[in-house]
Each structure stands twice: as structure tokens, then as C-alpha cells.
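Data block below; observations after.
These values consider heavy atoms only, across backbone and side chains, with no hydrogens, waters or symmetry-generated copies. Fair warning: this is a prediction, and the values are worked out from it, not measured in the lab. Below, chain A is the first sequence line, B the second, and so on; all start at residue 1.
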Amino acid sequence: MASRTRILRRFYRRDTLEVARDLLGCVLCRRVSPGLVLRGRIVEVEAYDGPDDRASHAHRGKTGRNAPMFAAGGIAYVYRIYGVHHCLNVVTGPRDYPAAVLLRATEPPLAGRSASGPGLLCRAYDIDQGLDGCSLAGRELWLEKGPAIANRQLRRTPRIGVDYAGAWARRAYRFVARGHPAASGPKRMR
DNA sequence: GGTGCGATTGCA
DNA sequence: GCAATCGCACCA
């Protein structure tokens, strides 16, 4: 049985890029019923770091939607996108510093349930806005330590789908387990 | 109160 | 290549 060490709040209240890198290999855990916990290793994430990051929802200040990003690290930020899908973020850093890490892909939590891409990930783990703002060390949703991803297995690329963000779009804020079959995005980005 | 669009996905 | 589909940000 793999170790099931739950990740503590202080893990998230650090530099966002460091948290993003360290989240690779960690295990996303979601209780979908009293008797069933879905688990999957995180293999792809993106950092959204601070008020100046033009790709971030927070770059125009605090709003109703992005308020969880301004809380202290260790909670979820879940939003709806295109009216169709949900995206799950891990809020990072200290209070009043808006930052989060988007979880883009994990290993499939169940056979036949793809978690490659942020929308599919939320579908796979039954995550919607009901979990917005909830603790990442709670009963419904939490993370555990997992087998680390070695530096040579790690790849950094620009973030996906943020071309509007100018120079910020070119920053290497996406972290992916190199060549992992569950990673999303264009082939050349894996 | 009206309008435009998105940190995506799946199908033509 | 593009439709789906709607909450939210922004402007009036």
C-alpha cells in the first residue's frame, strides 16, 4: 500500500512555482461516496502566480469568482468554463496574494475515466463548484504525498490556452511529467 | 440591464 | 474548423 500522508497547509503556503513543481507526483483524493475514494497521481499542472500575471483570473483584482485565490494556500478554487466544464485549482501562497495551481491531468482514477485535461479531470473526480473554497485537507477532497517525479522526468513549457496574456503566455509555468500517457495538450508539449 | 467571452472539449 | 453553453466581468 502506498503511503497515505496527507499534505498539510504549510505545503501550499509557499512560492507558487515551487508548489506547482512539487505537486507533480502527489495524489489527488476525492471521496465520491461514503465507501469510495478516487485517487490519481498528478502529472500535469500550471501555475498562476500573483496579481501581475496577465493569464491569471486575478490580474484585474478580486472579484466574486476569483476570491478563493486571495485566501491563504490550502483550499480549492473551482470555476466553470465555457458554461460546460469545471477547472480545479490548488490555492497557494499567503493570504491576499492571489495565486493558484491548475490541475490539468492525473492518472485515471478509474479504468475508462480519463483525467487528461482540466475539464475531464473534474468530470473524472466529480468536482464542481460545490467544492469551490473548500479545504484541501478535508473529508471530501485532499492531497497525499506520492512517488516524486525526478527532475529529468520533469518538463516545463508555456501554459496552454492563454495566448491573450502577452509575454506572460510565454513563461514556462506549465509542469508536466515528461512523456506521461495521461498528460494533456499537443504532443510536442509532452 | 445588455453584451462579450473564456485557464475546454468533442465532433464535423 | 467550430459549436456548445452560461456565469461572470465589464460597461452603460
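- Using a 4.5 Å heavy-atom cutoff, the side chains of A/Met69 and A/His57 are in contact.
- Contact detail for A/Ala47 and A/Leu17: the closest heavy-atom pair is CB-CD2, 3.6 Å.
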Atom pairs, protein N/O to nucleotides 9-12 of chain B N/O, distance under 3.5 Å:
{"from": "B/dT9", "atom 1": "OP1", "to": "A/Gly117", "atom 2": "O", "distance (Å)": "3.4"}
{"from": "B/dT9", "atom 1": "OP1", "to": "A/Pro118", "atom 2": "N", "distance (Å)": "3.2"}
{"from": "B/dT9", "atom 1": "OP1", "to": "A/Gly119", "atom 2": "N", "distance (Å)": "2.8"}
{"from": "B/dT9", "atom 1": "OP1", "to": "A/Leu120", "atom 2": "N", "distance (Å)": "3.2"}
{"from": "B/dT9", "atom 1": "O4'", "to": "A/His85", "atom 2": "NE2", "distance (Å)": "3.2"}

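- A/Ile81 comes within 4.0 angstrom of the backbone, heavy atoms only, and of no base.
- When the P atom of C/dC8 is taken as reference, atom CZ of A/Arg80 falls 10 Å away, rounded to whole Å.
- Criterion: ILVMFWY side-chain heavy atoms under 4.5 Å apart, direct or through other members. Under it, A/Val91 and A/Leu141 are not part of a common hydrophobic cluster.
- Here A/Val162 lies in heavy-atom contact (under 4.0 Å) with sugar-phosphate atoms only.
- For the 3.5 Å distance criterion, the side chains of A/His59 and A/Tyr48 fail to qualify, holding no donor opposite an acceptor.
- A straight line from OH of A/Tyr79 to C1' of B/dG6 spans 8 Å, rounded to a whole angstrom.
- When rounded to the nearest whole Å, the span between CD of A/Gln129 and P of C/dC6 equals 12 Å.
- When all heavy atoms of A/His85 and A/Arg123 are compared, the closest pair comes out as CE1-NH2, 4.2 Å.
- Side-chain nitrogen and oxygen atoms of A/Tyr82 include none within less than 4.0 Å of the OP1 or OP2 phosphate oxygen of C/dG7.
- Following rounding to the nearest Å, A/His86 (NE2) and C/dC8 (C1') show an atom-to-atom distance of 14 Å.
- Formation of a donor-acceptor pair under 3.5 Å by the A/Glu46 side chain with backbone atoms of A/Ile160 is found in this model.
- Remark: side-chain polar atoms of A/Asp22 are not paired, donor with acceptor, to backbone N or O of A/Val19 under 3.5 angstrom.
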Distances under 3.5 Å between protein N/O atoms and the N/O atoms of nucleotides 1-3 of chain C, please, pair by pair.
none

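- Spacing between atom CG of A/Asp128 and atom P of C/dC6 amounts to 14 Å, rounded to whole angstrom units.
- Under the Watson-Crick and G-U wobble criteria, each requiring two contacts below 3.5 Å, nucleotide B/dA7 is left unpaired.
- Judged by distance alone, the side chain of A/Arg159 and the main-chain N or O of A/Trp168 form a donor-acceptor pair under 3.5 Å.
- Between the side chains of A/Thr16 and A/Thr92, at least one donor N or O sits under 3.5 Å from an acceptor N or O.
- Searching all strands for a Watson-Crick or G-U wobble partner of C/dC10 with both distances below 3.5 Å returns B/dG2.
- What you find for A/Ala182 and A/Thr106 is that their closest heavy atoms are CB-O, 3.5 Å.
- A gap of 16 Å separates the P atoms of B/dC5 and C/dC2, to the nearest Å.
- At whole-Å resolution of the value, CE in A/Met69 and P in C/dC8 are 16 Å apart.
- Listed by residue number, the members of residues 40-68 of chain A with any heavy atom below 4.0 angstrom from DNA chain B are A/Tyr48, A/Ala55, A/His57.
- Taking a cutoff of 4.0 Å between a charged side-chain nitrogen and a carboxylate oxygen, A/Glu107 and A/Arg41 qualify as a salt bridge.
- A distance-only check finds no donor-acceptor pair linking the side chain of A/Arg10 to the backbone of A/Arg13 [under 3.5 Å].
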